[in-house]
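Treat the numbers as computed from the prediction; the structure is a model and nothing was measured. Note: hydrogens, waters and symmetry copies are ignored here, and every other heavy atom, side chains too, is used.
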Amino acid sequence: MSRRMQGRASLPARRARARDARWAAPAPVPAGIPVLPDHGLGEATRAFLDSLRVLLAAAAGDGGAPGGGGTTLQQPGGVPEDMDRVAALVELAQGGDAEAFGLLYERYVDLVYRYIYVRVGSRHLAEDLTSETFVRALRRIDSFSWQGRDIAAWFVTIARNLITDHAKSARFRLEVSTADMLDADRRVEAPEAEVLQHLRDTRLLEAVRDLKPEQAECVVLRFLQGLSLAETAAVIGKSEGAVKQLQLRAVRALHRALDGEVL
């Protein structure tokens, strides 16, 4: 047993937990990691917009004041419910277990793809960079140090660096069209209501696109990706306090941009 995981169950027990019924289907791994066809962008976008609407409603209720509802709501991210399983898979992967890494890939590929896709706006390029993200992660898995937090932020950091290398710029941009982000939303509504909701969704996404780059990245990481404050801070290289301020400023900017509009 490695020192990193001292106090946990034996290796066979961890392997058994890592491959219970919820992880039954082994995923392929590189060379040439394939990208799963359904990345859940529509569902994630719906949750993203709903979270922003809750924050904006809270900001409207307290005038956007520091310490108001916009900063005290229940936030996404944090420790995954199955942290022990994720930790077991990480250690197995660090020991050279290709199937364990394949299961980590299967779990996080959609999250990584969505982050890249909203940055580059091209499905083909997003798939290429997603594959490269996991190729690099596989090569560097030994460098990951488990600290009781989800490995998601580590994968996103690799993806972020690849995007920066590709674009030769660290500036965050939302490149994907609002139509693409909303097309996969398959909720069935009356035509009139559906059209109105689509217009409101489009307006909110456009407002996010118009945020300052760091503010846009903050809300995307927090509410589209579901990363915690600590994970978001790790990805963008700022303190948790700075991330809180970025989020607050982003909500205030959205509130000003959408003043009087029904969301």
Side-chain angles (χ1 to χ4, degrees), residues 30 33 35-36 39-41 44-45 47-48 51-52 75-78 80 86 90 93 101 104-147 149-177 180-181 205 208-247 249-250:
I33 299 180
V35 178
L36 300 181
H39 301 288
L41 183 63
T45 301
F48 174 54
S51 296
L52 290 180
Q75 303 291 2
V86 173
V90 169
F101 186 85
L104 289 171
Y105 162 81
E106 192 173 67
R107 177 187 175 95
Y108 293 104
V109 62
D110 288 350
L111 180 148
V112 170
Y113 174 87
R114 289 194 298 265
Y115 176 77
I116 295 174
Y117 182 46
V118 300
R119 292 289 308 273
V120 303
S122 162
R123 295 181 186 276
H124 178 72
L125 179 57
E127 290 186 354
D128 285 348
L129 292 178
T130 299
S131 295
E132 180 60 24
T133 295
F134 285 95
V135 169
R136 289 196 181 185
L138 180 62
R139 291 171 182 162
R140 302 174 183 176
I141 190 67
D142 285 343
S143 70
F144 177 74
S145 177
W146 182 266
Q147 298 177 344
R149 295 175 180 169
D150 200 354
I151 195 173
W154 187 67
F155 288 133
V156 172
T157 300
I158 295 173
R160 187 177 191 257
N161 291 337
L162 280 170
I163 294 167
T164 299
D165 291 345
H166 176 80
K168 303 302 180 186
S169 169
R171 181 178 174 84
F172 183 90
R173 294 182 297 269
L174 279 171
E175 298 288 359
V176 66
S177 73
D180 285 341
M181 291 187 75
L205 285 171
V208 173
R209 186 190 302 274
D210 291 339
L211 289 172
K212 293 180 179 179
E214 282 191 332
Q215 294 174 2
E217 181 167 29
C218 177
V219 296
V220 165
L221 288 171
R222 295 283 286 122
F223 301 108
L224 183 65
Q225 301 303 105
L227 298 189
S228 68
L229 283 170
E231 290 164 345
T232 301
V235 170
I236 65 179
K238 292 184 178 294
S239 68
E240 290 186 40
V243 170
K244 287 181 181 179
Q245 288 302 309
L246 271 177
Q247 180 177 313
R249 288 196 293 270

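- Taking 4.5 Å as the limit, every side-chain heavy atom of Glu217 sits out of range of all side-chain heavy atoms of Leu211.
- Heavy atoms only, all atoms of each residue included: Val112 and Ala159 are closest at CG1-CB, 4.1 Å.
- Salt-bridge check for Arg123 with Glu127: failed, with every basic side-chain N at 4.0 Å or more from each acidic carboxylate O.
- Legend: residues meeting side chain to side chain contact (heavy atoms under 4.5 Å, CB included) with Ala234, ordered by chain and number and at least two apart, are absent.
- Atoms CD and CD, from Glu240 and Glu231 in turn, are 10.0 Å apart once rounded to the nearest 0.5 Å.
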Apply ring-ring contact (aromatic ring centres under 6.0 Å, His included) to Phe155 and Tyr108, showing your working. CA-CA 8 Å; Phe155 288 133; Tyr108 293 104; 5.4 Å; yes

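- A pairwise comparison of heavy atoms in Val235 and Arg160 identifies O-NH1, 3.4 Å as the closest pair.
- Between the Thr45 side chain and the Met181 main chain, a donor and an acceptor come within less than 3.5 Å of each other.
- Ile158 CD1 to Leu129 CG: the interatomic distance, rounded to the nearest 0.5 Å, is 12.5 Å.
- Listed for the Arg249 side chain is no donor-acceptor partner under 3.5 Å among the backbone atoms of Gln215.
- To the nearest 0.5 Å, atom CG of residue Asp180 and atom CG of residue Leu205 are 11.0 Å apart.
- Contact check for Leu221 versus Tyr115: side-chain heavy atoms found under the 4.5 Å cut-off.
- Counting only heavy atoms from C-beta outward, the side chains of Val135 and Arg139 approach each other to under 4.5 Å.
- We find the CD1-CZ distance between Ile236 and Phe172 to be 10.5 Å, quoted to the nearest 0.5 Å.
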Using the rule given for side-chain contact (heavy atoms from CB on, under 4.5 Å), can you reason through Ile151 versus Ile141, listing the C-alpha separation, both sets of side-chain angles and the distance that settles it, and then say yes or no? CA-CA 10 Å; Ile151 195 173; Ile141 190 67; 4.3 Å; yes

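- With a 4.5 Å cut-off on side-chain heavy atoms, Phe48 and Gln225 do not count as touching.
- Inspection of the Thr164 and Asn161 side chains reveals no N or O donor paired with an N or O acceptor under 3.5 Å.
- Side chain of Arg222 to backbone of Leu227: a donor-acceptor contact under 3.5 angstrom is found.
- Across Val243 and Ala233, no two heavy atoms sit closer than the pair CG2-CA, 3.7 Å.
- The line from CH2 of Trp154 to CZ of Arg140 is 8.0 Å long, rounded to the nearest 0.5 Å.
- Side-chain atoms of Leu229 and Thr232, non-hydrogen and from C-beta on, never get closer than 4.5 Å to each other.
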Test Glu175 against Val118 for side-chain contact (heavy atoms from CB on, under 4.5 Å), laying out the working first. CA-CA 6 Å; Glu175 298 288 359; Val118 300; over 6 Å; no

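- The aromatic rings of Phe134 and Phe101 lie perpendicular to each other, with more than 60° between the two planes, well past the 30° mark.
- To the nearest 0.5 Å, the span separating CD1 on Ile116 from OG1 on Thr130 amounts to 3.5 Å.
- Among all heavy-atom pairs drawn from His166 and Leu125, the shortest one is NE2-CD2, 3.4 Å.
- Between Lys238 and Glu214, at least one side-chain N (NZ, or NE/NH1/NH2) sits under 4.0 Å from a carboxylate O, which counts as a salt bridge.
- In this structure, Arg209 contributes its side chain and Leu174 its backbone to a donor-acceptor pair below 3.5 Å.
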